[in-house]
2 protein chains.
Amino acid sequence: MTKMTDLKGAKALPLNTILAGDCIEAMQALPDASVDLIFADPPYNLQLKGELHRPDNSRVDAVDDHWDQFQSFAAYDAFTRAWLAEAKRLLKPNGALWVIGSYHNIFRVGSALQDHGFWILNDVVWRKSNPMPNFRGKRLTNAHETMIWASKEEGAKYTFNYEALKSLNEGIQMRSDWVLPICNGGERLKDEHGDKAHPTQKPEALLHRVLVGSTNVGDVVLDPFFGTGTTGAVAKMLGRDWIGIEREPAYRAVAERRIAGVRKFDKTALEVTRAKRAEPRVPFGQLVERGMLRPGETLVSATGKSARVRADGTLVGLDVKGSIHQVGAHLEGAPSCNGWTYWHFKRDGKTVPIDVLRQQIRAEMAGG
Amino acid sequence: MTKMTDLKGAKALPLNTILAGDCIEAMQALPDASVDLIFADPPYNLQLKGELHRPDNSRVDAVDDHWDQFQSFAAYDAFTRAWLAEAKRLLKPNGALWVIGSYHNIFRVGSALQDHGFWILNDVVWRKSNPMPNFRGKRLTNAHETMIWASKEEGAKYTFNYEALKSLNEGIQMRSDWVLPICNGGERLKDEHGDKAHPTQKPEALLHRVLVGSTNVGDVVLDPFFGTGTTGAVAKMLGRDWIGIEREPAYRAVAERRIAGVRKFDKTALEVTRAKRAEPRVPFGQLVERGMLRPGETLVSATGKSARVRADGTLVGLDVKGSIHQVGAHLEGAPSCNGWTYWHFKRDGKTVPIDVLRQQIRAEMAGG
DNA sequence: CGTGACCATGAATCGAAGT
DNA sequence: GACTTCGATTCATGGTCAC
């Protein structure tokens, strides 16, 4: 599997291997302009204070690894600029870079790569379908991560397989927001104790989309923060060459074993089966936010009950407050109630079920 | 409509007015620590080379206004740091800032606000349900914008109406990705020629969610890049005071007219589901004092533990004495425990959580 | 073997009030 | 300002085990 490629008789390119050691030093040992794509998942520089418990008092196993510890933004910025400088040197003129991060680090990384002359092509949002909730109710659920896709410089002829991504998206242009589940279940690698082998293993689906969209078969993909080798595994499946850099021996061992077990896809295996999506849930509050219903407006039921809309998307009836479903159920003395068909609003003298408004929103979502 | 508020006899706060002029100079004329929330939609620093055409050769009316032109990242950064410095000065200690941007500028803005000591609470993705497609098929459809929500500094007690946002989302925690349509149709303001009055008018639904989630009725909201006044319009509807700053007379004129036509929602519509934490505290001892529980009575937990009530409102378990919370936590070996939901008493053969008694007392307090 | 109850867990900058 | 106490707070998914 391992190939060594000589470029102009200079430094060799250790294809399909994991290089041990610090990512910057390892990159320095690689030749100029030798890599088609870099996918980087650098430390996020989380700054966690104490412990966090779930409402059931179980402890959250947070990312507190030594490799994610930086003294200050200045220290993190210095580290970022150092590896980005090497990344730029290693890229072929028409190469490109992907970086993934969260709000803790992504603004630092984005500014730094602009300062280095990289040219941002898109920022891409990974919308997690099953994120960890916010347990204390103090912020919004942190339900996404951000990727930046950038060419080596302005005007470069980067690779973009427009039609392939369009096909992956059921014939519609691929958007800058990707809904994918986090990595768990059988894909999540475990150590000998049955614990997660790496705290932040990325889903293969994410890399699949990145590599299908921005590389061709035979391209060289470098991942300087290789971890358990998701980039290498997906690159191998897709017939791309890869190089990984990883400092931690334990991660390297897991990645070696993992990639050895991966088979390159044949053509038929690359065809993707796509399930029809369920109808998206539309919160009633969205009708209020979007001005389709006004706070203070009165809704009526076919049974003659009424209630008024509040700004947060709840209803107030005579002696009850709550969701459209709760208030309907209460007014009818019923155990449950479908508020969407129960409640009606008036327009131009006509009484219309609020479900009509939900259908409008769904139509827009499907169109978009 | 216009109110003038004097703070310590110093500079006055021109509530519910649009200030003309440069945003930094106008901010400098406002007093320290006087504003609860800042919503900022600064220039995006778009870098379009030449014109963009659709496949049918019609010209895309891109943002090429003079106010969006910066010579370099350095110039944009200097501008960003200047207005952020004023923003920080104007915010009350527990105030917060929202900024919206795209990949052209948001990394610069995010880095700058971290450098200024703002504390990022979330980055929020506005996922557009109907974005403009990518006509050339050279990149992903740019289908989202990014907002950053930050408190004035680490540890500040920012406003977050968790329950209200949860209600807006039909009982499920609000996530960091918000699906909303772009502003068009009747909401999109037109000038006298029927052209769009402003190139980047934000949807009211976006501001509705921001203001419901991070301000209270009567708060002061500042928008230093007021444009056509979406922030002011939604603030007025929601019973918040607002201040706008806008340099372009044409935008100011549109905004004035628009906001004059807005009606404030009435009081009940503006009431929002509140957090339990906001309810008055009831000491457990009061249940004993009032005879709702007798000293010596046994309380039980769903897990089969038990403890006896003492006359001073503490509990005694097998090997532990203390508050309802302390004894519950100890018996479960948990870091903490909400004794109100943990402990139950028996009446008429039924097992009832003691929280029911607390609710009785609170109902009496509310009734008079 | 199917179903459902129950449990575990994921890149997290995750209190507020009183003494 | 440090310290103690009160007591609020979770969604989706996958795996295990009882029935």
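Residue numbers start from 1 in every chain, and the chains themselves are labelled A, B, ... in the order their sequence lines are given, proteins ahead of strands.
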[X] has a side chain; which of [options] sits nearest to it?
X: B:S336; options: D:dC6, C:dA11, D:dA8; result: D:dA8
X: A:F135; options: D:dG7, D:dT10, C:dA11; result: D:dT10
X: A:N130; options: C:dA12, D:dA12, D:dG7; result: D:dA12
X: A:R54; options: D:dT5, D:dT10, C:dG10; result: C:dG10
X: A:K196; options: C:dG15, D:dT5, C:dG10; result: C:dG10
X: B:Y162; options: C:dA11, D:dT9, D:dC11; result: D:dT9
X: B:S323; options: D:dA8, D:dC6, C:dA11; result: D:dC6
X: A:K202; options: C:dA11, C:dA12, C:dG10; result: C:dA11
X: A:K128; options: D:dG7, C:dA11, D:dA12; result: C:dA11
X: B:Q173; options: C:dG10, D:dC11, D:dC6; result: D:dC11

- Presence of B:H325 side-chain N/O under 4.0 Å of D:dC6 phosphate oxygens OP1/OP2: no
- Message: If the cut-off is 4.0 Å, is A:R281 near the phosphate of D:dC11, judged by side-chain N/O to OP1 or OP2?
- Response: no
No-H, no-angle donor-acceptor pair, [X] side chain to [N] base, under 3.5 Å:
X: A:K138; N: C:dA16; answer: no
X: A:D41; N: C:dA11; answer: yes
X: A:S102; N: C:dA12; answer: no

Say you pick atom [atom1] in [N] and the same atom in [M]; how far apart are they, in whole Å?
N: D:dT10; M: C:dA16; atom1: P; answer: 15 Å
N: C:dA11; M: D:dA8; atom1: C1'; answer: 25 Å
N: C:dA12; M: D:dT5; atom1: C1'; answer: 25 Å

- Min side-chain heavy-atom separation A:L189-A:K196 under 4.5 Å: no
- Message: Within the structure provided, determine whether B:D36 and B:T159 are in side-chain contact (heavy-atom separation under 4.5 Å).
- Response: no
- Between B:K157 and A:W126, just flag the one whose closest nucleotide in DNA chain C comes earlier from the 5' side. A:W126
Would you mind classifying the nucleic acid contact of [X] as base, sugar-phosphate or nothing, using non-hydrogen atoms under 4.0 angstrom?
X: A:N142; answer: sugar-phosphate
X: B:E163; answer: sugar-phosphate
X: A:C183; answer: nothing
X: A:N45; answer: nothing
X: B:G339; answer: nothing
X: A:P131; answer: base
X: B:R358; answer: sugar-phosphate
X: B:I172; answer: sugar-phosphate

- Item | Name of the residue among A:I38, A:T231, A:D22 meeting side-chain contact (heavy atoms from CB on, under 4.5 Å) with A:P224 | A:I38
Residues [X] and [Y]: side-chain donor-acceptor under 3.5 angstrom:
X: B:S167; Y: A:R310; answer: no
X: A:Y44; Y: A:D68; answer: no
X: A:D191; Y: A:H198; answer: no

- Message: Does the plane of the ring in B:W149 sit parallel, tilted or perpendicular to the ring in B:W98? Use 30° and 60° as the thresholds.
- Response: parallel
